[in-house]
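Numbered from 1 within each chain, the chains take letters A, B, ... in sequence-line order.
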Amino acid sequence: MSRYDPASIEPKWQKAWDEALTFRATREGGKPKYYVLEMFPYPSGRIHIGHVRNYTMGDVIARYKKQNGFNVLHPMGFDAFGMPAENAAMASGGHPKDWTYGNIETMVGQMKPLGFGLDWSRMFATCDPEYYGQQQALFIDMLSEGLVYRKNAVVNWDPVDMTVLANEQVIDGCGWRSGAPVERKELTQWFFKISDMAGELLDAIEGLDDWPAKVKLMQANWIGRSRGLQFSWELTAPVHGVETVEVYTTRPDTLLGASFLGLSPDHPLVKSMEGDNPALAAAVAEMRKGGTTEEALEKAEKLGFDTGLTVRHPLDPSWEVPVWVANFILMDYGTGAIFGSPAHDQRDLDFCRKYGLPIKATFDVIEGEVYHGGAPDYRTDEQTATNPRGMVTAFIPPKSAKVKWLNHFAGLDEATGQEAVDITIDWMEARGLGKGVEKFRLRDWGLSRQRYWGCPIPVVHCDACGVVPEKKENLPIQLPYDEGDKPIDFSTPGNPLDRHPTWRDCACPSCGQPAKRETDTMDTFVDSSWYFARFTAPRADTPTDMADAEYWMNVDQYIGGIEHAILHLLYSRFFARAMIRTGHLPEKCAEPFNALFTQGMVTHAIFQTKNAEGRPVYHYPEDVDLRDGRGFLKDGTEVEIIPSAKMSKSKNNVVDPMNIIATYGADTARWFVLSDSPPERDVEWTAAGAEAASKHLARVHRIAAEIAGADVPETKEDAALLKETHKVMHDVTLGVESFGFNAAIAKLYAFTNTLSKSRAGTQTKRFAAKTLAQLMSPMTPHLAEEMWQLLGGEGLIAEAPWPKPDEAMLVEDTVTLPIQVNGKRRGEIDVPKGMPKEEVEKLVLAHDAVLKALDGGQPKKLIVVPGRIVNVVV
RNA sequence: GCCCGCGUGGUGGAAUGGUAGACACAGGAGACUUAAAAUCUCCAGGCCUUGUGCCGUGCCGGUUCGAGUCCGGCCGCGGGUACCA
C-alpha cells in the first residue's frame, strides 16, 4: 500500500492544475463571478508563516467558490515600493530595484510550492512601470477633477542629516541615524481631498454589512463627525491687523467656564507675532521639538506661553480672557484655536493647574445622582486661589447624563450635556454670536514623500506656467536607475531624485520651455489603494478596463490584517470613489470590498538566555530541544521560554515556512495554520502542532487507501455512516462559509474518527471517504486530489462540484434535554424531537433529581426552552 | 494620551443568553512488536470529606429562571494613532 508522500504528490498535482488552467480567471461560461483577494504582501525577502495563514484562508474560499460553480478571480501581486528597499540600499549597498525584484522572485518561488489556486498570469508589482505609469495617469485625472491640491504641512525634520524622517525613524524624539532631537518643519506637499468625502465615507459605513463591526467603529471614530460652535473672540487690541480669533468647540455649553484662549503653535497669529517677540519665538521653537505623531503630541508635557494678549468674553465684554499658546492644540483640527474650560476637560485642567489659571465649574452633580463611572470625587487635594475646589480630575460625565447647571446663560437648570450643547448653539446663533458647524476629525491625505523608491508625482514646475501636469503620452515618468554615469548613492541622507544631475530637467508640457520635474514621490498607500481594481485587467493600457471592472468588481471577499483597519481601507474606499469620478470604475464600486475578514497574527515563543552581562540572548527554535515544556540548548543549558510573542527578526523567533514545507509538505502547513485557532485570532506556531497535523494527514491517506482496496458488503452500520457523512457535509460547508475553518477542521477530525471506526460496507465507506476528500480539498488540495484518484473520482477534485447534504439526513428524531434546578444541571432526559411543552413538563416533574429538589413542594417556576433545556426554579 | 480588540484546563482552543472544556497538542495507562518507530484502544479542569459534593471562563459589581456570552467599572496584553507596510 502506498504511503503518504507529500514530496511526490504535491508537485504532481500542482502541475496538473497548471496544465488544466484550473485557476486561470476567465469571464466565460455565463457563470456568476467571485473575486477573493488577500492583502498583497510587501516583498520583505522571504514569506513567513503569517503569509501562509493569510493566503491559505483566501485559497480555501477561492477553491470552495470554484467548486460551487463560480468564475473565480484570485490574484497575487506585490506592494513593492517603500522604505525598506531604500534602507537596505543604505545599509548594504545595491539598488532598491534589484533588492525588490530579487525578493519578489524568492517569494514567488516560496509561494508556488504551497499550491495556492492563484491566477499567476495576473501578477504585478506596484514598482512595475506599467503599474505606476497608470497610477500617474490616475493622479493627473484626479488633479483635473480637483481631488488633489498643494498646501503646507509639517514633517519630522532631522536638523543634522537635513532630511525628512518617517514616524518610525523617530525614536524617543530623536532621529534614528543622527540621534539629533527631531523638529517639526513645514513643507509644501501634495494632498488628496479625502475630507471632501468625509461625510459620505462615514455614512456609507452603515451599509458595509459584511465588515467586522470593530473595523466600522474604528473608521467611524477616525472620521469623527462632530457638531460644535464656531465663533469669534475679539482681541482687546488688534495685532498685525488681526482683530478676532476664530474658535471651534464641541462644548459651547461650558463657555462660562472659560479661563484662557489657546492657540496652536502653528496658528497664523502666533507666526505673525514670532518676529517681534523673541520670548514667544523661543517658546514656540521649544514646542515644535519632537515628532509629528498624534501620540507624541498627546503625550508631550503640556507647554504654554502667555502671549500677553487678551480677548473679550463673547457673553461679557468686560471679562478679559488671556491668550496662551499651547502645544497640545493641533492646527489641523478645527480652527487651531480653542477656549480652555478646565473644569470639564482634563487637558485644560492640567494646563490651568500648571500655569495657575482659574478653574470654574459650569455644571455640577445633581444631588443624589450616581453617574456611571462612579460618583465624582474631584473635590480633593490642593486648594488654591485659582483652584478653590481643589480639582484634580475634571468632571466629564457622559453627554447623555443629566447634570445641574450653575448660572447658565441660556437659563438651563437640569439638562444633559447633549441638550445643553444643542440649546447653546441655538442660543448663540439666535443672537448672531456664532454658528453651529459640522466638522470632521479626518484630515486630508498628504501623499508627498521626499524619497526615491516610490511612484514619481507626474507634474512639472515651470517658471512661466507654474505647476503643470505631465502629458499622459509621456507616462510613465520612470525612476532613473543610475545617477548619470554612476550608480545612485543611497548612503547620503535625502532624496536622490532631488540631487540627480539630469532627471529633473524636462520641457514644460504646456509652453515647452525648460522646466523641473517634481521630485517628491507618492505615499505607498496610493499604490495599495487601487491594486484590487487593476487586478481585473492587469495589462490594460488604461488604469482599468471598464468591461472587466464591470464583470469582476467588487471584491467579494477581502482578507487581511487588522492593522489595516483604518488607513489602507479608508484610502481604498476614497480611491474607489475618486476612480468613479474620473471614469475609471463603474458606479457600483463606491464600496469596493463587499465583505472583509481580518485575520490574526502568527506568534511564536521566544527562547532566551542571559549572557555574562545579563543581557538577553535569543536562540533559534531549531537550536532548542523541547522536553516536558522546558527548553534546552545542545550543550544542556536551559532556556527561558517566553510564549506567544509577535514574530520579530531581532528576537530570532520568525518561523520560516519553507522548513516546515520541506519536512512535512505544503498540505500539513496549510492544515496546521487553519486548525485550532479561530482565523481572526492570533495563533501560536508550535513544531509539535505541525507534526500532529502531518500525522493526521497520513492517517487520512491510509484510511482512504484501505477503503480503496477493500470489498465489504453492506452492513447494519451503513445507515449511520451515511447519516454522519451528510452531517459533516453540512457542518464543514457552514464552517467554510462563516470563516470557521478551525471548527470545520474539528468536525473533519471527528468524522475521520467515525469513518476509521465504522464497520460499514465498502460502498458507503467509499462515498464517505470521497466526501472527506472533497471537504478537505480547499484546505489540503494535494492530498485531496490523491485520495480522489485512489477512490476513483472523476477528473480533478478541484473542479468537482462541492457536495450538498441531503436535508432529510440532517434531521434528528430525539433530543437530550438537560434539566437544571435553579440554573444548575441536575440531570437530563431524552425526548422525541418536537414533544409538546406540557408533556416535557410532566416528564421533568417526575424526574428523580427534580422530585428531590422539590421535596414535596411545588416549583416556583418551570422554564422549558423547546429542544434546548429545562430549568426548574424552587 | 485617545480609538478598537482580546483574556476559558499543562497548551491551542469549543460553546445562536441554555449541559463550560467539543476537536487537537503535550501527558498517563494499555495493545501490537524480540525491541524501537509507526499504528491502535482507553484516561484526563481543580479540590476534598469520592458525593445526586463543592469550586471554576482575568478581577469587582449588575441584569436574568439561567451569563464565558449582555451591561458598568477595573487589571493585563495586543492593534491603530495619519511618513512602517
Asks: Please state whether the phosphate of G12(B), meaning OP1 or OP2, lies under 4.0 angstrom from any side-chain nitrogen or oxygen of Ser677(A).
Replies: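 No, outside the criterion.
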Asks: For Phe328(A), answer base if it contacts any base atom (sugar-phosphate contacts may also be present), sugar-phosphate if it contacts only those atoms, and nothing otherwise; contact means non-hydrogen atoms under 4.0 Å.
Replies: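 No contact.
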Asks: More 5' along RNA chain B: Asn742(A) or Ile745(A), using each one's nearest nucleotide?
Replies: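 With Asn742(A) and Ile745(A) compared, the 5'-side residue is Asn742(A).
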Asks: Using a heavy-atom cut-off of under 4.0 Å over every strand shown, decide if Val170(A) touches base, sugar-phosphate, or nothing.
Replies: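 The residue Val170(A) makes no contact with any strand.
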Asks: Determine the contact category for Arg347(A): base if any of its heavy atoms lies under 4.0 Å from a base atom, sugar-phosphate if only primed atoms, P, OP1 or OP2 are that close, otherwise nothing.
Replies: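 Arg347(A): no heavy atom of the nucleic acid under 4.0 Å.
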Asks: Contact class for His568(A) (heavy atom, under 4.0 Å): base, sugar-phosphate, or nothing?
Replies: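 The residue His568(A) makes no contact with any strand.
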Asks: Has the side chain of Arg826(A) got a donor or acceptor atom sitting under 3.5 Å from an opposite partner on the base of U19(B)?
Replies: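 No.
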Asks: As a test of understanding, state which of Asp523(A), Thr521(A), Asp520(A) forms a side chain to side chain donor-acceptor pair (under 3.5 Å) with Arg449(A).
Replies: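 Exactly one candidate clears the test, Asp523(A).
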Asks: Would you tell me if any nitrogen or oxygen in the side chain of Lys861(A) comes within less than 4.0 Å of OP1 or OP2 on C65(B)?
Replies: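 So the side-chain polar atoms of Lys861(A) do come within 4.0 Å of the phosphate oxygens OP1 or OP2 of C65(B), strictly under.
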Asks: Provide, to the nearest angstrom, the distance between the CZ atom belonging to Phe81(A) and the C1' atom belonging to C84(B).
Replies: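 In whole Å, C84(B) C1' and Phe81(A) CZ are 17 Å from each other.
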Asks: Rounded to the nearest angstrom, tell me the gap between atom NZ in Lys747(A) and atom P in A24(B).
Replies: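 Rounding to the nearest Å, NZ of Lys747(A) and P of A24(B) are 12 Å apart.
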Asks: Send over the distance from Met218(A) CE to C6(B) P, rounded to a whole Å.
Replies: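 Taking atom P of C6(B) as the reference, CE of Met218(A) is at 10 Å.
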Asks: Tell me the interatomic distance from Glu168(A), atom CD, to C84(B), atom C1', rounded to whole angstroms.
Replies: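 Computing the Glu168(A):CD to C84(B):C1' distance gives 4 Å.
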Asks: Taking OP1 and OP2 of C55(B), is either one under 4.0 Å from a side-chain nitrogen or oxygen of Lys824(A)?
Replies: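 For C55(B), OP1 or OP2 has a side-chain N or O of Lys824(A) closer than 4.0 Å.
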Asks: Between Arg702(A) and A38(B), is there a side-chain N or O to OP1/OP2 distance below 4.0 Å?
Replies: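 No, outside the criterion.
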Asks: Might you work through the ring-ring contact (aromatic ring centres under 6.0 Å, His included) test for Trp530(A) and Tyr131(A), ending with a clear yes or no?
Replies: CA-CA 10 Å; Trp530(A) 72 286; Tyr131(A) 182 80; 4.6 Å; yes
Asks: Hey, does the side-chain of Glu294(A) have a donor or acceptor N/O within less than 3.5 Å of a partner on the base of G1(B)?
Replies: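 Indeed there is one.
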Asks: Between P on A82(B) and CE on Met522(A), what's the gap in Å once rounded to a whole number?
Replies: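 Atom-to-atom, Met522(A) to A82(B), this comes out as 22 Å.
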Asks: When we call it a touch if two heavy atoms are under 4.0 Å apart, what does Lys757(A) touch: a base, just sugar-phosphate, or nothing?
Replies: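 Result for Lys757(A) = sugar-phosphate.
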Asks: Need one value for Ser675(A): base, sugar-phosphate or nothing, where a base atom within 4.0 Å counts as base even if backbone is also close, heavy atoms only.
Replies: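 No contact at all - Ser675(A) keeps every heavy atom at 4.0 Å or more from the nucleic acid.
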Asks: For the C1' atoms, the ones on G17(B) and on G66(B), what distance do you get once it is rounded to whole angstrom?
Replies: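 Nearest-Å result for G17(B) against G66(B) at atom C1': 8 Å.
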Asks: Find the distance Ile703(A):CD1 to U39(B):P and express it as a whole number of Å.
Replies: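 Those two atoms, CD1 and P, are 12 Å apart.
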Asks: Can a donor-acceptor pair under 3.5 Å be found between the side-chain atoms of Asn221(A) and the base atoms of C3(B)?
Replies: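 No.
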Asks: Let me know which of Asn167(A), Val182(A), Leu297(A) forms a side chain to side chain contact (heavy atoms under 4.5 Å, CB included) with Thr292(A).
Replies: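 The side chain to side chain contact (heavy atoms under 4.5 Å, CB included) with Thr292(A) is passed solely by Asn167(A) among Asn167(A), Val182(A), Leu297(A).
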Asks: May I ask you to say what Pro41(A) touches in the nucleic acid, namely base, sugar-phosphate or nothing, with a heavy-atom cut-off under 4.0 Å?
Replies: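 Since no nucleic acid heavy atom lies under 4.0 Å of Pro41(A), the category is nothing.
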Asks: Ignoring hydrogens and angles, are the base of G13(B) and the side chain of Asp676(A) linked by a donor-acceptor pair under 3.5 Å?
Replies: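 Flag unset: no donor-acceptor pair detected.
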Asks: Heavy atoms only, 4.0 Å cut-off, all strands: where does Val873(A) land among base, sugar-phosphate and nothing?
Replies: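 Val873(A): backbone/sugar contact only, no base atoms under 4.0 Å.
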Asks: Under 4.0 Å between any heavy atoms, over every strand shown, what does Asn753(A) touch: base, sugar-phosphate, or nothing? Just pick one.
Replies: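 Sugar-phosphate contact only.
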Asks: In this structure, how many angstroms lie between the P atom of C23(B) and the CH2 atom of Trp671(A), rounded?
Replies: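 About 15 Å, once rounded to whole Å.
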Asks: Just checking Asp79(A): base, sugar-phosphate only, or nothing, at a heavy-atom cut-off of under 4.0 Å?
Replies: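 Sugar-phosphate contact only - Asp79(A) comes under 4.0 Å of backbone atoms but never of a base.
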Asks: Indicate whether the side chain of Thr188(A) and that of Asn152(A) have a donor and an acceptor atom separated by less than 3.5 Å.
Replies: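 Result is yes, a qualifying pair exists.
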Asks: Scan Gly446(A) against the nucleic acid and name what it touches under 4.0 Å (heavy atoms): base, sugar-phosphate only, or nothing.
Replies: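 Sugar-phosphate contact only.
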Asks: Assign each of Tyr749(A) and Ile863(A) to its nearest nucleotide of RNA chain B by heavy atoms, then name whichever residue's nucleotide is nearer the 5' end.
Replies: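 It is Tyr749(A) whose nearest nucleotide is closer to the 5' end.
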Asks: Under a 3.5 Å cut-off for both distances, is C25(B) Watson-Crick or wobble paired, and to whom?
Replies: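 Across any shown strand, C25(B) pairs with G10(B).
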Asks: Under 4.0 Å between a side-chain N or O of Asn167(A) and OP1 or OP2 of A82(B)?
Replies: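 For A82(B), OP1/OP2 do have a side-chain N/O of Asn167(A) under 4.0 Å.
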Asks: Once you apply the 3.5 Å cut-off to both distances, tell me the Watson-Crick or G-U wobble partner of G1(B), or none.
Replies: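 The base-pairing partner of G1(B), which may sit in any strand shown, is U81(B).
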Asks: Determine the contact category for Glu691(A): base if any of its heavy atoms lies under 4.0 Å from a base atom, sugar-phosphate if only primed atoms, P, OP1 or OP2 are that close, otherwise nothing.
Replies: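 Touches nothing.
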Asks: Assign Val870(A) to base, sugar-phosphate, or nothing according to its heavy-atom contacts below 4.0 angstrom with the strands shown.
Replies: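 The residue Val870(A) makes no contact with any strand.
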